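Written below as structure tokens is the structure these notes are about.
Remember, predicted model here, so these are calculated numbers, not experimental data. Chain letters run A, B, ... following the sequence lines, proteins first, then strands; residues in each count from 1.
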There are 2 protein chains.
Amino acid sequence: MIQSVDRAVRILTALQGARRMGLGELATQLELAPSTVHGIVRTLLDHGMIAQERDSGRYRLGPATLRLGNVYLDTLELRSRSVPWAEDLAARTGVAVRTAVLLAGVDRDLPERDVIVVAHEPRPGGGRQMNEVGIVVPAHACALGKALLAFDDTALPETDTLRSMTGETITDPARLRDELAAVRAAGIATEAEEAVLGEYGVAAPVGDHSGAVVGAIGLVVTQADWPLDPAAADALRATARSISRELGAASWPPAVTERPAASA
Amino acid sequence: MIQSVDRAVRILTALQGARRMGLGELATQLELAPSTVHGIVRTLLDHGMIAQERDSGRYRLGPATLRLGNVYLDTLELRSRSVPWAEDLAARTGVAVRTAVLLAGVDRDLPERDVIVVAHEPRPGGGRQMNEVGIVVPAHACALGKALLAFDDTALPETDTLRSMTGETITDPARLRDELAAVRAAGIATEAEEAVLGEYGVAAPVGDHSGAVVGAIGLVVTQADWPLDPAAADALRATARSISRELGAASWPPAVTERPAASA
DNA sequence: ATGCGCGTTCGGCATAGTCGAAATGTGTTC
DNA sequence: GAACACATTTCGACTATGCCGAACGCGCAT
């Protein structure tokens, strides 16, 4: 692991937590000398990965990050394959559809993982709605995350208390494991106000040609539409299976990605 | 400039050009030993900035880039201030509205600069339209870019032939300089099929409290709607002035950011 | 069965990055 | 208006760190 590159990414991550930071703040948070941080920051600055406010001298993320993120979306086959199916699913069920992938482990020693939304089809006829692509939710607190965790054993959090988002969030790892087992059996995960109050949802895993899970697709509704029509869950399952097939998956639900047996 | 950080960003930039690359390809393109590239790639991999295809071993951009880009948008005051004005402008003129900023210099020795769209208000009643946030256009080939270049002397390309996008693209720096002078005088830049065939537009600069230009806002139309109603240009100018005022600008158009006199 | 191409690992050398301290600049207070 | 205090930036020396070349393992195609 290259030290300075690691530090550079940590700086970007710090800036994504706090909107603006001074050089000293960054140095304190990373426990480094200000001059060390300055060298890295300067390099990122030259590439537009971060920007410096002309007056205060503080640093923010830069426009180059937007370009990277946008290209990522363009190159994501899961996304391009999902979009037509999501449109169809939204039209038939009348609710919003999200597609998400698992985000890599957070830099700090947080053992929890997040999911990030890579495609969003708004609720039909719902007027002007926020585009939710790019939003991040703790994996254990949402249906999309549960669908991903259930079929990826390497992504399971290793902690004894999960971060609570609302009063309904599952914070007990044992209870989470039980629920993930149920998800594996049903092929569908659910969420009831566990991430955001008033938000409910179901989600199903999507696999690819390697047989592993690569993403999840799900429906998001408010309390008024909960519980969902069972037909919606069936349509979701069928959609997840179709997308998986387009990505080359031989079967559905995907096989569980096993932890690589650290008994070496 | 920290060498390894610089190389890391170059790797990300290379991956944003070619969707997928093998380690060897990356090493060749950066003119480095494969093992050197591997160390950096491995570090970026751990942070989710890039992802590795499980079968081919090749590398792609990773989901962490999406999160960075999304946070960048959230922290961009230009964007949040623009959105309400852009909605209003689109409603009154009936055309799509884009807001953009200047992208930092490209890594390779290309002296040209690009603009990147940070907000996009679709044409009212135009049905389902692609979200254009994140798209990149050469600055010299679009109205948004000309509005930015006209008021930022430090961003002028230093070359004798500009990259051609269509037959209409301005490739002669002298002609570009003339046009930028006209933009400074009028406060409005125009574009006629210079970036994309069939695409026309006008744009105006937006400044902030430092007095410098920080972005541009513009209207995009097809040939059928060109030339625009002069009232639309007036509305655009008024909008750019309003956003600038909200950002703390004392006057409009913004002052020209001078090149820092490299006669040291 | 065997060669090739690829990603990956390992170790020594030397470069390149890190850190302390000093300098510059800017905003603020008295 | 001047001096303080804070924060960013520059500079130089040390040495820890990342760079590279070579060897390994793997999968694929021949």
Side-chain angles (χ1 to χ4, degrees), chain A residues 1-12 14-15 18-47 49-62 154 208-212 248 260-262 264, chain B residues 1-12 14-15 18-62 208-212 248 250 258 260-262 264:
Chain A
M1 171 112 67
I2 276 64
Q3 188 185 57
S4 54
V5 174
D6 180 61
R7 290 173 172 177
V9 180
R10 286 190 138 82
I11 287 173
L12 292 173
L15 286 173
R19 304 164 68 103
R20 313 156 206 282
M21 293 181 85
L23 188 62
E25 288 178 81
L26 276 169
T28 305
Q29 180 159 341
L30 302 198
E31 298 177 356
L32 292 172
S35 52
T36 303
V37 177
H38 182 256
I40 299 172
V41 155
R42 180 75 179 274
T43 307
L44 294 172
L45 209 52
D46 284 346
H47 287 279
M49 295 293 290
I50 64 180
Q52 185 169 26
E53 300 183 348
R54 205 169 271 274
D55 47 355
S56 68
R58 286 188 299 185
Y59 298 96
R60 312 189 315 97
L61 290 177
T154 66
D208 73 353
H209 60 97
S210 76
Chain B
M1 172 111 67
I2 276 67
Q3 187 185 57
S4 54
V5 174
D6 181 60
R7 289 173 172 177
V9 180
R10 287 190 137 84
I11 287 173
L12 292 173
L15 285 172
R19 302 165 69 101
R20 312 155 205 283
M21 293 181 87
L23 190 62
E25 288 177 81
L26 277 169
T28 304
Q29 180 158 340
L30 303 197
E31 298 177 353
L32 292 172
S35 54
T36 303
V37 177
H38 182 257
I40 299 171
V41 156
R42 181 73 180 273
T43 307
L44 294 173
L45 209 50
D46 285 345
H47 287 280
M49 295 293 291
I50 65 181
Q52 185 169 25
E53 299 182 349
R54 205 168 269 274
D55 47 354
S56 67
R58 286 188 300 185
Y59 298 97
R60 311 190 314 98
L61 289 178
D208 71 353
H209 60 95
S210 76
E258 294 293 346

task: For D:dA7, take OP1 and OP2 only and decide whether either is under 4.0 Å from a side-chain N or O of A:Tyr59.
output: no
message: Without decimals, in angstroms, what is the distance between B:Glu31 CD and D:dC19 P?
response: 16 Å
From NE2 (A:His209) to CZ (B:Arg54), nearest 0.5 Å: 10.5 Å
task: Starting from C1' on D:dT17, measure out to CD1 on A:Ile40 and report it in whole angstrom.
output: 13 Å
message: Without decimals, in angstroms, what is the distance between A:Leu32 CG and D:dA16 C1'?
response: 14 Å
statement: Reading nucleotides 20-28 of chain C from 5' to 3' and marking B where a protein heavy atom lies under 4.0 Å of the base, S where only the sugar-phosphate is that close, and - otherwise, the string is B--------
- request: Using a 4.0 Å heavy-atom cut-off across all strands, classify B:Gln52 as base, sugar-phosphate, or nothing.
  value: sugar-phosphate
statement: DNA chain D nearest-nucleotide lookup for B:Ser4 and A:Leu45: closer to the 5′ end is A:Leu45
message: Is the phosphate of C:dT18 approached by A:Arg7 (side-chain N or O, under 4.0 Å from OP1 or OP2)?
response: yes
task: Would you tell me if any nitrogen or oxygen in the side chain of B:His38 comes within less than 4.0 Å of OP1 or OP2 on C:dT8?
output: yes
message: Distance check needed: D:dC6 C1' versus A:Glu25 CD, whole Å only.
response: 13 Å
field: Interatomic distance, B:Glu31 atom CD to B:Gln29 atom CD [nearest 0.5 angstrom]
entry: 9.5 Å
- request: Mind running side chain to side chain contact (heavy atoms under 4.5 Å, CB included) on A:Leu30 and A:Ile11 for me, showing each step along the way?
  value: CA-CA 8 Å; A:Leu30 302 198; A:Ile11 287 173; 3.3 Å; yes
- request: Tell me what A:Leu23 touches on the nucleic acid: a base, only sugar-phosphate, or nothing, going by heavy atoms under 4.0 Å.
  value: base
- prompt: How would you list, by chain and number, every residue that makes a salt bridge (Lys or Arg N to Asp or Glu O under 4.0 Å) with A:Arg20, sequence neighbours excluded?
  reply: A:Glu53
task: Would you sort out whether B:His47 and A:Asp6 count as a side chain to side chain contact (heavy atoms under 4.5 Å, CB included), showing the intermediate values?
output: CA-CA 8 Å; B:His47 287 280; A:Asp6 180 61; 2.5 Å; yes
statement: CD of A:Gln3 to CD1 of B:Ile2, rounded to nearest 0.5 Å, is 11.5 Å
B:Glu53 CD - C:dG7 P separation (whole Å): 11 Å
task: Under 4.0 Å between any heavy atoms, over every strand shown, what does A:Gly24 touch: base, sugar-phosphate, or nothing? Just pick one.
output: sugar-phosphate
- line: Rounded to the nearest 0.5 Å, the CG atom of A:Leu26 sits from the OG1 atom of A:Thr36 at a distance of 12.5 Å
query: Could you give the CD1-to-P distance, from B:Ile11 to D:dG18, as a whole number of Å?
result: 14 Å
query: So does A:Gln3 get a side-chain nitrogen or oxygen closer than 4.0 Å to the phosphate oxygens (OP1/OP2) of D:dG18?
result: yes
field: Value in whole Å for how far the P atom of C:dT8 lies from CG of B:Leu26
entry: 11 Å
query: Just to confirm, is there a sub-4.0 Å distance from OP1 or OP2 of C:dT9 to any side-chain nitrogen or oxygen of B:Arg42?
result: yes
query: How many Å lie between CD1 on A:Ile2 and P on C:dT9, as a whole number?
result: 12 Å
